[in-house]
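Just below is one structure, and these are the notes that go with it.
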Amino acid sequence: MPHRGLPLHWRILVGLIVGAAAGLLGGSLLPPEADGKANASLLWAARNVAEPLGQIFLRLIFMVVVPLVFCALVLGIAGIGDVRRLGRMGLRTLLLTVGLSATSVAIALLLTNSLRPGARLPEAKRAELRGRYAAEAETPMAQARKSKTTRDALLDIIPRNPLQEMVGALDGSSPGGGMLAVMFFAMVFGVAVTVAPQRTAPLVSVLEGLYDALMVIIGWAMRLAPIGVAGLMFSLTALLGWDILRTLGWYVATVLAGLAIHLLGVYSLATSVFARMSPARFFGRITEAMLTAFATSSSNATLPTSLRVAEKDLGLRREVAGFVLTVGSTANQNGTALYEGVTVLFLAQVFGVDLTIVQQITVALMCVLAGIGTAGVPGGSLPLVVLVLQTVGIPGESVGIILGVDRLLDMCRTTLNVTGDLAVAACVDRAESGGR
Ligand code: ASP
């Protein structure tokens, strides 16, 4: 979105700093109450001024989650459906996309389970945080506790009544698999759409229109982001002090470590094995696309640059690059999948929710799907993070805890997303040329 004055990401950063500094200042100037709890006036300001500001921003995002997930997945699958008509090339793209996404989520789970960034917040502060979100947390937390058997959890992915699942998806009151079931329905629907492309074309146009309108709403929400983030950071630091900032530091470090491992390890391996290209040559030639992705935080906005880099610098054939990169800019988002995995596990640790193996597998599955369903725009994954959180019984509102640092992570994960698209394009090009 064009802006006059300071670009949006800088304004969000200013919001983050101002909110956090004001909260810390308030916390140090206004002494805690006799019982050790935060100062009553500070608490009042946090609850009645700062939090509502953050809530307006968050609710605008929540508002679009369910329809957005449905549209994005149906359109994503319909896009990959074209892939089928392209035969082998499509299948290769699909396999690489799913394989790389699954690897990135595996890295996320391994790192977050071993570094445990969310558990670094002292228990007293975690209890305070749980208290604040208690109202929203109750239903889903309770749901999480009465964990289902593996058989039921798997069966529940197939919804009896998708509308009922949609209605309850955000507050954990769905009768079955909740958002996962909605995603399943959207996937089946998407596949069905691709089976009868001519007759379903008008429906696809309608969904595209709906999707665009939802994107406009997200754009409006993002304009409020600086104020929302300031409010959210104020209420966090006013009550939790430096501890929350240190914990967030660990979280950022975990995401960045994961992204670095995937970028340098997995892509180097993929390009040397499948594209027979040395990693140094690959990375050396795609710097322009990587930098554009970093600066814009948007895979879609980087698409023209990626297309040029693929053709001119990597020497890929136009039809391969055109196809793989276009589909990839929406469907292949390894950085996003990795980031979502870390975020959900991190917030689970912060809230002291012990995720069972089945729940962790659910998270992994949803993150891979979310990678396919996420729009390639700044902050595109936030609605999907909310829904994965809800699914495993963590209050969606808690995404506010990480919002302040999201822009930086967005820049980094988008760089990975775009690099992944180019890596897949290089691999597919090599395979299509029969190892030329
Ligand atoms: N900004 C990301 C992209 O465009 C999507 C996201 O993870 O928010 O690739």
Side-chain angles (χ1 to χ4, degrees), residues 1 7-9 12 57-58 60-62 64-65 68-69 71-73 75-76 79 97 100-101 104-105 107-108 211-212 214-215 217-219 221-222 225 229 251-252 255-256 258-259 262-263 267 286 289-307 309 324-344 346 363 366-389 399 402-425:
M1 219 185 309
L8 182 62
H9 56 276
I12 295 180
F57 164 61
L58 284 180
L60 279 173
I61 293 189
F62 283 4
V64 301
V65 169
L68 183 70
V69 167
C71 291
L73 262 182
L75 292 173
T97 298
L100 288 172
S101 287
S104 71
V105 178
I107 293 176
Y211 183 86
D212 286 344
L214 295 170
M215 281 295 136
I217 298 180
I218 295 191
M222 291 312 285
V229 164
Y251 158 72
V252 170
V255 176
L256 294 183
L259 294 178
H262 198 77
L263 185 82
Y267 290 152
I286 64 160
M290 287 174 80
L291 287 176
T292 313
F294 186 75
T296 59
S297 290
S298 164
S299 305
N300 289 357
T302 313
L303 184 58
T305 315
S306 315
L307 285 169
V309 163
V324 178
L325 294 178
T326 313
V327 173
S329 71
T330 313
N332 182 37
Q333 303 202 336
N334 308 153
T336 295
L338 188 149
Y339 149 84
E340 291 186 358
V342 175
T343 305
V344 173
F346 166 73
V363 169
M366 290 187 87
C367 290
V368 171
L369 285 179
I372 296 177
T374 297
V377 297
S381 50
L382 288 178
L384 290 121
V385 172
V386 171
L387 83 87
V388 186
L389 285 173
V399 75
I402 53 108
L403 273 184
V405 288
D406 187 64
R407 181 64 193 209
L408 166 74
L409 298 183
D410 199 359
M411 295 166 88
C412 301
R413 66 182 182 255
T414 308
T415 308
L416 196 78
N417 290 344
V418 168
T419 309
D421 297 340
L422 285 161
V424 172

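Order of listing sets the numbers, starting from 1, for every ligand and every atom in it.
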May I have a table of the N/O to N/O pairs between ligand 1 and the protein that fall below 3.5 Å, each row giving the two atom names and the distance to 0.1 Å?
unit_1: ligand 1; atom_1: 1 (N); unit_2: Ser297; atom_2: O; d: 2.9
unit_1: ligand 1; atom_1: 1 (N); unit_2: Val377; atom_2: O; d: 3.0
unit_1: ligand 1; atom_1: 1 (N); unit_2: Asp410; atom_2: OD1; d: 2.7
unit_1: ligand 1; atom_1: 1 (N); unit_2: Thr414; atom_2: OG1; d: 3.1
unit_1: ligand 1; atom_1: 4 (O); unit_2: Ser299; atom_2: N; d: 2.8
unit_1: ligand 1; atom_1: 4 (O); unit_2: Ser299; atom_2: OG; d: 3.3
unit_1: ligand 1; atom_1: 4 (O); unit_2: Gly376; atom_2: O; d: 3.2
unit_1: ligand 1; atom_1: 4 (O); unit_2: Val377; atom_2: N; d: 3.3
unit_1: ligand 1; atom_1: 7 (O); unit_2: Thr336; atom_2: OG1; d: 2.6
unit_1: ligand 1; atom_1: 7 (O); unit_2: Ser381; atom_2: OG; d: 3.0
unit_1: ligand 1; atom_1: 7 (O); unit_2: Arg413; atom_2: NE; d: 2.6
unit_1: ligand 1; atom_1: 8 (O); unit_2: Gly380; atom_2: N; d: 3.0
unit_1: ligand 1; atom_1: 8 (O); unit_2: Ser381; atom_2: N; d: 2.9
unit_1: ligand 1; atom_1: 8 (O); unit_2: Ser381; atom_2: OG; d: 3.0
unit_1: ligand 1; atom_1: 8 (O); unit_2: Arg413; atom_2: NH2; d: 3.0
unit_1: ligand 1; atom_1: 9 (O); unit_2: Ser299; atom_2: OG; d: 2.4
unit_1: ligand 1; atom_1: 9 (O); unit_2: Asn417; atom_2: ND2; d: 2.8

### Query
Side chains of Tyr339 and Asp406: donor-acceptor distance under 3.5 Å anywhere?
yes
### Task
Could you grab the distance from atom OG1 of Thr419 to atom CD1 of Ile286, nearest 0.5 Å is fine?
4.5 Å
## Note on the structure
Rounded to the nearest 0.5 angstrom, the CE-CG distance for Met366 and Leu384 is 8.0 Å
### Message
Could you check whether Ser297 and Arg413, counting side-chain N and O atoms only, form a donor-acceptor pair closer than 3.5 Å?
### Response
no
### Task
Give a yes or no on whether the backbone of Gly379 and the side-chain of Asp410 come within a donor-acceptor separation of less than 3.5 Å.
yes
### With Ser104, the side chain to side chain contact (heavy atoms under 4.5 Å, CB included) member among Asn417, Leu416, Leu338
Leu338
